[in-house]
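Just the heavy atoms: all of them, side chains too, but no hydrogens, waters or symmetry mates, feed the values below. Just so it is clear: chains get the letters A, B, ... in the order the sequence lines come, proteins before strands, and each one is counted from 1.
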Amino acid sequence: MSDQPPVLEMRGITKRFPTGTLANDAIDLDVRRGEIHALLGENGAGKSTLMNILYGLVPPDTGQVLIDGQPVTIRDPADAIARGIGMVHQHFMLVPVLSVAENVVLGNEIVRAGQLLDIDEAAKQIKLFAGKLGFDIDPFGRIDQLSVGQQQRVEILKAIYRNARILVLDEPTAVLTPQETREIFEVFRRLRSEGASVIFISHKLDEVLEIADRITVIRRGRVVGSRKPKETNENELAELMVGRAVNLRVDRGRSHPGEIALEVAGLRAKDDRGHEALRGLDLVVRAGEIVGIAGVAGNGQDEIVESLMGLRRPTAGTIRLAGKDLTRATVDERRDRGMSFVPADRQRFGLVLTYPIDDNLALTRYADPPFAGGFAGLVRNFREIAANAVRLIKEFDIRASGPKALAATLSGGNQQKVIVAREFGQEVRLLVLDQPTRGLDVGSIEFIHKQVIARRDHGAAVLLVSAELDEVLELSDRVLVVFRGGIVGSFAAEEAQREKIGLLMATGAARA
Amino acid sequence: MSGVRSVAAQIWQVASIPLLAIVLAFIVAAVVIVVSSVFTPTGFEPLLPFAAYASLLAGAFASDTGIYNTLVAAAPLILGGLAVGLGFKAGLFNIGVAGQFLVGAFGAAVVGANLADAPAVVGVPLAMVAGALAGAAFGFIPGFLKARTGAHEVVTTIMLNNAAVLLLTWAVNDLVRAPGFSFPRTGPIGNSALPILLGRNLHLGIPLAVLFVFAVRWLLDRTTIGFEIRTVGQNPNAARYAGMRPIFITALTMTLSGLLAGVAGAIQMLGVIGFYAPGITASVGFDSIAVALLGRSNPIGILFAAILFGAFRAGPPLMQIETSVPIEVIDIIQALVILFLAADLIVRRVFRIRAPKAEITELKTITQSWAGTASGGPPS
Ligand SMILES: Nc1ncnc2c1ncn2[C@@H]1O[C@H](COP(=O)(O)OP(=O)(O)O)[C@@H](O)[C@H]1O
Ligand SMILES: [Mg+2]
């Protein structure tokens with residue numbers, strides 16, 4: 001295999017954006033035929049830029065692209081497609097109201113004489129391709145009725161239909177469930193056995209180690225190493241990626257639980273469709289401890305968090321904080337009592353993307369002193385808002401051009417840091433964390449985990465909800481298992497075994 | 001120095017599309033003028049648009065009278081534009097400015113007529129306040145309905161516009177009809193008329209409207225209420241999470257919007273019309289939407305947009321007299337401006353603007369209105 005020339009070589013690719021960011025700095029990359037090649041790097045390392053250059057979306061400043069050993073010029077995606085390059089973007093580019101087949105052929109329609117569009121022929125081919133890749137799809141299904149995972153497969157089919165031999169996927173697993181991730185990896189393997197090459201962007205170490213034949217690590221626009229999975233491990237990759245030794249397992253230290261902070265008793269709540277989602281849930285979190293909730297998504301986690309935040313009205317039961325009944329309290333009252341929340345969906349709930357960082361850092365305390373004063377407390381105090389932003393940006397190492405940068409321009413990791421800084425950066429009694437590290441790279445995860453532990457050691461009660469069992473196990477002093485809207489198991493950290501908890505999560509009972 | 005440049009860049013970022021939409025509208029209308037000149041007795045006149053636009057400009061700005069006329073026409077549009085723009089900021093589309101304007105005008109007319117003989121320092125403020133409160137009350141209704149039941153403000157305000165016309169016709173006929181006139185109308189407002197400051201017609205309402213520009217700007221930019229309004233408009237979920245009450249903000253914003261529209265009606269009543277009679281139209285209502293769009297909901301932008309629309313009222317007569325280009329060309333220009341704002345892609349293409357990320361969010365509010373998914377509805 002290695003004596004063949006690489007199907008793709010990128011030589012000395014450099015790109016500096018007009019804003020001054022050196023996104024790619026003399027990057028070399030080669031990809032062989034029938035290879036799954038992972039591009040690993042932190043948010044903002046320059047992975048997407050490199051691939052956008054390959055696909056003709058971004059012009060490089062310098063550098064050369066060779067396909068099958070021949071230099072080529074790629075001016076736009078049409079050139080790239082003609083050279084056999086396909087790309088699946090992080091945000092899909094499908095027309096929601098059209099069918100799978102229509103989307104696949106869009107811009108590349110089979111036209112027979114005297115006929116407008118031979119969609120049936122296309123559908124047949126789509127079926128055929130899908131079969132080769134090991135999945136089934138209805139060519140006449142409408143895109144907006146497909147799951148995210150299925151839509152991603154349509155994107156892959158689109159590329160294959162255009163004869164892609166080199167398929168680039170930009171963080172394809174970021175939007176997938178673990179099950180869907182396994183399935184898409186199977187598709188990658190099939191593509192490989194068909195002789196195609198896959199370039200797979202990720203910042204998840206376990207994923208690249210599982211699927212890739214070769215891993216190229218990019219840091220701050222430079223290639224800092226290339227490894228085969230067998231020759232490396234998570235620690236080495238993390239260090240390459242971040243540029244320093246990273247603790248993948250945080251040292252939690254001992255907890256010193258104190259008084260009961262949060263006490264939830266007999267909580268019942270309905271989900272958005274009116275079905276009972278919480279059925280008499282009880283839980284207790286003490287000051288100075290981290291309680292993690294493990295469970296398969298959709299067993300009531302969202303409803304627990306929303307009931308605690310005050311965004312969902314429970315139908316029965318009580319929520320007490322330090323003895324005070326807050327079941328019916330407004331969001332504001334809860335915050336005044338010392339509750340803080342990191343919501344799961346940072347862009348939908350946690351941030352106003354069109355606001356600058358400083359406003360976002362004051363978002364949940366905008367009406368409290370010192371952020372507002374004067375005239376019956378109605379006038380915003382911009383000096384304090386700015387000072388708060390400067391302090392938190394420094395303290396929480398938020399990478400941004402300044403306090404006035406819009407939240408929308410930040411990377412996911414830095415957006416999450418804004419939320420964490422805001423919610424952690426004050427005295428809190430109870431921290432409710434919902435998927436606090438979803439989609440973040442190892443450096444950011446380590447940082448946030450350290451902050452959580454620091455808060456606990458400061459005496460805060462922490463309730464952690466996460467779909468990542470590993471995260472729950474790593475961080476929690478106590479693990480609760482939720483199943484169909486109730487707690488079915490409780491374990492001290494020392495006795496929390498993966499297998500036992502996994503079984504409880506799946507079946508709600510210790511024995512199936 | 002770079003500060004100045006970056007401020008200029010920021011202004012250009014928000015103002016480029018509106019400004020270029022205006023330029024493009026004038027260019028397209030010029031083509032219409034040239035083409036239609038072929039069918040006039042004077043025949044093909046390629047330079048006619050220049051002459052027409054020159055006298056349009058002269059009519060609106062070249063004399064004191066022209067400037068006064070422009071500003072008098074702009075004043076209610078400033079307030080109406082602020083009313084619509086404030087709604088946009090909260091993600092609400094207030095089509096009810098027409099109705100709120102009429103109710104405000106009526107309130108001011110009735111109180112003004114009752115205080116016609118009282119000193120102006122009493123009559124003017126009270127009549128103004130009456131108009132403002134009437135408009136606010138009429139804006140509160142759709143706000144309350146939306147907050148309580150989720151009834152969409154676009155539907156309710158359209159219905160309330162009709163309700164206002166009919167209700168006020170009845171009121172003038174049966175409740176407050178002034179004796180001694182051959183048609184139903186309210187009595188003369190006497191001392192309650194807004195004082196004339198300059199010329200024949202430049203009344204106190206003009207500085208008042210400008211004052212409101214800065215008041216609304218202050219509210220939006222500097223106060224917690226303005227922050228709440230903007231947050232609810234930008235991301236109602238984040239607003240709830242942050243402890244704001246979108247329901248309350250929705251009702252409040254519609255009320256304030258109605259208040260601004262009511263003041264628009266009041267100054268028009270006390271400064272220009274003088275009495276309420278059925279059939280007074282409120283084209284201000286719809287022009288206000290155009291003004292708010294053109295001003296990108298920014299109070300200062302709205303001020304300029306309203307002055308432009310005021311010029312579109314004051315300038316055309318001279319244009320028609322001097323160049324025989326019919327006044328209706330202005331309607332074409334106005335319509336084109338809005339068309340190009342809505343289809344800003346055309347403007348970007350023509351002027352080769354690299355698509356800035358900042359889209360015109362007001363248009364999103366409008367289009368989402370029709371899809372029934374606009375923000376600010378009641379919680380699920
Ligand atoms: N269009 C752009 N204009 C300016 N800077 C950009 C642009 N696209 C990306 N960047 C910057 O270039 C760097 C690399 O970004 P990107 O390639 O998206 O990283 P990755 O995909 O590895 O997370 C980041 O600092 C990012 O902010
Ligand atoms: Mg990327």
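- Residue Phe371(A): no heavy atom, backbone or side chain, is found under 4.5 Å from chain B.
- Judged purely by distance below 3.5 Å, without hydrogens or angles, the side chains of Tyr355(A) and Thr231(B) pair a donor atom with an acceptor atom.
- The number of heavy-atom neighbours closer than 6.0 Å to CZ of Arg222(B), taken from other residues, nucleotides and ligands shown, is 12 or below.
- Between Arg240(B) atom CZ and Thr330(A) atom OG1 the span is 12.0 Å, to the nearest 0.5 Å.
- Between chain B and the options Asp332(A), Asn381(A), Leu363(A), heavy-atom pairs under 4.5 Å are most frequent for Leu363(A).
- Cation-pi check for Arg365(A) over Phe227(B) is not met; the charged atom does not lie both under 6.0 angstrom from the ring centroid and within 45 degrees of its normal.
- Within 6.0 Å of the CZ atom in Phe340(B), the count of heavy atoms belonging to other residues, nucleotides or ligands exceeds 12.
- For the pair Trp218(B)/Val379(A), a side-chain contact is recorded, criterion being any heavy-atom separation below 4.5 Å from C-beta on.
- Among the candidates Arg380(A), Met309(A), Arg335(A), Gln347(A), the residue making the largest number of heavy-atom pairs closer than 4.5 Å to chain B is Arg380(A).
- Atom CZ of Arg142(A) has more than 12 heavy atoms from other residues, nucleotides or ligands within 6.0 Å.
- With hydrogens and angles disregarded, no donor-acceptor distance shorter than 3.5 Å links the side chain of Asn235(B) to the backbone of Phe349(A).
- Summarising the geometry, atom CG belonging to Asn237(B) is positioned 12.5 Å from atom CG belonging to Leu351(A); distances are rounded to the nearest 0.5 Å.
- Contact of Arg245(B) with chain A is not made at all, since no heavy-atom distance falls under 4.5 Å.
- The greatest number of non-hydrogen atom pairs below 4.5 Å with chain B, out of Pro343(A), Ala408(A), Gly374(A), Ala367(A), is found for Pro343(A).
- Taking Gly243(B), Ala242(B), Gly226(B) one by one and counting their heavy-atom pairs under 4.5 Å with chain A, the maximum is reached by Ala242(B).
- Atom OG1 of Thr364(A) and atom OH of Tyr241(B) lie 6.0 Å apart (nearest 0.5 Å).
- Counting heavy-atom pairs under 4.5 Å between each of Ile225(B), Thr223(B), Leu219(B) and chain A puts Thr223(B) at the top.
- Contact of Asp359(A) with chain B is made through backbone and side chain together, with heavy-atom distances under 4.5 Å.
- Of the two parts of Arg422(A), only the side chain, counted from C-beta on, holds a non-hydrogen atom closer than 4.5 Å to a non-hydrogen atom of chain B.
- Here the CD-OH distance, from Glu228(B) to Tyr366(A), works out to 3.0 Å after rounding to the nearest 0.5 Å.
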